[in-house]
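Below: one structure, written as structure tokens.
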Amino acid sequence: MTLDLNGLLAFWARRWDDILELLGEHLTVVVVALAIAMVIGVGVGMLVWDKPLPRSAVIAAAGVALTIPSLALLALLIPAVGLGWTPTVIALVMYSLLPIVRNTIVGLREVSPAIMESALGMGMTPLTVLLRVQLPMAWPIILTGVRVAAQLTIGVAAIAAYVAGPGLGQFIFQGLSSLGSKNALNFALTGTLGVVLLALVVDAAFVGVTRSTTSRGLRA
Amino acid sequence: MPKQLNTALLQIAGKTSGALIELNNVTKQYPNQPVAAVQNFSMTVQPGELIMFVGPSGCGKTTTMKMINRIIEPTSGSISIDGRDVLSLDPSELRRHIGYVIQQIGLFPHMTIAENIGVVPKLLNWSKDKTADRVHELLTTVGLEPGDFAHRYPKQLSGGQQQRVGVARALAADPPVMLMDEPFGATDPITREKLQAEFLRLQASIGKTIIFVTHDFDEAVRLGDRIAVLSNRSQIEQFDTPANILANPANDYVSSFIGLGTAIKRLVLIPVTAARLGPASAASKGGTTVRTTDSLRDALDSLVLTGLPALAVVDELNKAVGSISVDQISAVLGAEVPILTPTAEA
């Protein structure tokens, strides 16, 4: 099987609408999963950052979730939630949690004792300190966690086609299951290139988001 | 919060120019520690007084101070501000009416200078205009041009400028009480002297009740109305005016803490005008003069530096009113200064 560049270009021209739709689906499922994981991850991080035991437990639990092979996790979810978007989003959220929770905890803990003390000494309640001092200061670190999670989930989402999930994985699986046919390589290659391209674009977007949402006083 | 406590807070808050602070048998005992960090500390601070806590590291001076705004909770004893029991008030509400400055300053790096100073006003729900006016006023007070500094971030300021902002931030809501934990400790000697002088001028106009912690006895002499010399477990070895402590140290501990050069240190406290000045004509020719507002230490400093036998003393209008020499400075200190007789020439 050799790569026929003209064939690939013709394949793209013919399938352009499908490719765009799958790219859109892929991006959407990743964004939805990241949004949910951020709410859960930052929320849990804010609850446990100053409590040693729950903090260790949460990081350990999120770490264990990451060690489950994605194919196995998706398969395990089928009996519980069926096929399609639901198991995909759940799996992606589970994979995103570790970097987000961990970076939230690290970021909140990294605020220096002097700043914590002056915040309390000025009459902020612990909740105000958390929301108005710690969270804004931890924000760039939290966003870095989300960025790592984004890279991870864009890759994992490609496997979601196994449970009839959305995204570019459908092309990859279609290619793999029809090896030998005329378009097998075109399908697999298009899916893979799409995933890589999406990862690069999303990563670049994070640079912009981090810059525009971080206080100028915190930028190096 | 019950209404009664609210009234108590308002009464403390209303006294913008100094409140009476009373500490009664205050003890802090940390669990699993054989001795108390602070033991039976009692002190009454008059409204508008600037009290210095001086002592070596670990003597409990900072712990004692931090119990007043309940950053550290006392194990036993009572603390009151203007007769109101501090320990029965909501700690966060209480702290909004006690200015707090620490050595590391603790400015919020993600907020502009204006936002940093506006933190307490915001907590007290001041209007935006009122807060902005106050920020402008305070930046001017501490010698930072508001138009230039209000919208900068802390990292864009020098250490001395940051510490000025720290003081301005603590003064934002015009609290009657200020707690200052070695506020000038991390600055270089030149900046520190400048900040101290500015701070004295500021305190002369605002008259807050201030507890100021330092391990630098010279700073205590320079700034304090009264100095509490503290030893282990925050025991008060002597509590008196700087002049009295320098003239009559209560015991060996205090003497050793004052260190050498008592006479020189006392000179800081005495204005040039306290000396019996010589005639203006006795002044050596030369550009160097001493102002009537200077201390005797400044005068001595100039004498030593120039090597001249006497310097002209001038008033605010630069008019010579007399002259001063080393002999006249010694005369002010009286018999306590041993007269240095030149040793026989070998």
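Below, chain A is the first sequence line, B the second, and so on; all start at residue 1.
Using a 4.5 Å cut-off between heavy atoms, B:I98 contacts chain A through its backbone alone, with no side-chain atom that close. For a residue to count as touching a neighbouring chain, one of its non-hydrogen atoms must lie under 4.5 Å from one of that chain's; by this rule B:L179 does not touch chain A. Using a 4.5 Å cut-off between heavy atoms, B:P109 contacts chain A through both its backbone and its side chain. Neither the backbone nor the side chain of B:L124 comes within contact range of chain A; no heavy atoms are under 4.5 Å apart. Heavy-atom distances place no part of A:T214 under 4.5 Å from chain B, backbone and side chain included. B:N116 touches chain A through its backbone: at least one of N, CA, C or O sits under 4.5 Å from a heavy atom, while the side chain does not.
Per-residue heavy-atom pair counts under 4.5 Å with chain A were compared for B:Q156, B:R70, B:K122, and the maximum is reached by B:K122. Between chain B and the options A:G121, A:A114, A:S215, the largest number of non-hydrogen pairs under 4.5 Å is found for A:G121. In terms of heavy-atom pairs under 4.5 angstrom with chain A, the leader among B:Q104, B:H110, B:Q103, B:H97 is B:H110. In terms of non-hydrogen atom pairs under 4.5 Å with chain A, the most contact-rich of B:L123, B:L94, B:T112, B:N69 is B:L123.
Looking at A:R132, its side chain never comes within 3.5 Å of a backbone N or O of A:L127 through a donor-acceptor pair. When atom types are taken as modelled, the side chain of B:R134 and the backbone of B:A172 share a donor-acceptor pair closer than 3.5 angstrom. In this structure, B:R84 contributes its side chain and B:S80 its backbone to no donor-acceptor pair below 3.5 Å. Between the side chain of A:Q170 and the backbone N or O of A:G165, at least one donor-acceptor pair lies under 3.5 Å. Remark: the backbone N or O of A:G123 is paired with a side-chain donor or acceptor of B:R96 at under 3.5 angstrom.
Using a 4.5 Å heavy-atom threshold, the side chains of B:I79 and B:E22 count as separate.
Between B:F108 and B:Y153, the distance separating the two ring centers is not shorter than 6.0 angstrom.
Residues meeting the side-chain contact (heavy atoms from CB on, under 4.5 Å) test with A:L71, sequence neighbours left out: A:I159, A:Y162.
The contact list for residues 133-145 of chain A toward chain B, using heavy atoms and a distance under 4.5 Å, reads A:V133, A:P136, A:M137 by residue number.
If you take CG on A:L130 and CG on A:L108, they are separated by 6.0 Å, rounding to the nearest 0.5 Å. One finds the CE atom of B:M180 at 12.0 Å from the OH atom of B:Y100 (value rounded to the nearest 0.5 Å).
Between the side chains of B:T64 and B:S234, a donor-acceptor pair is found at a separation under 3.5 Å.
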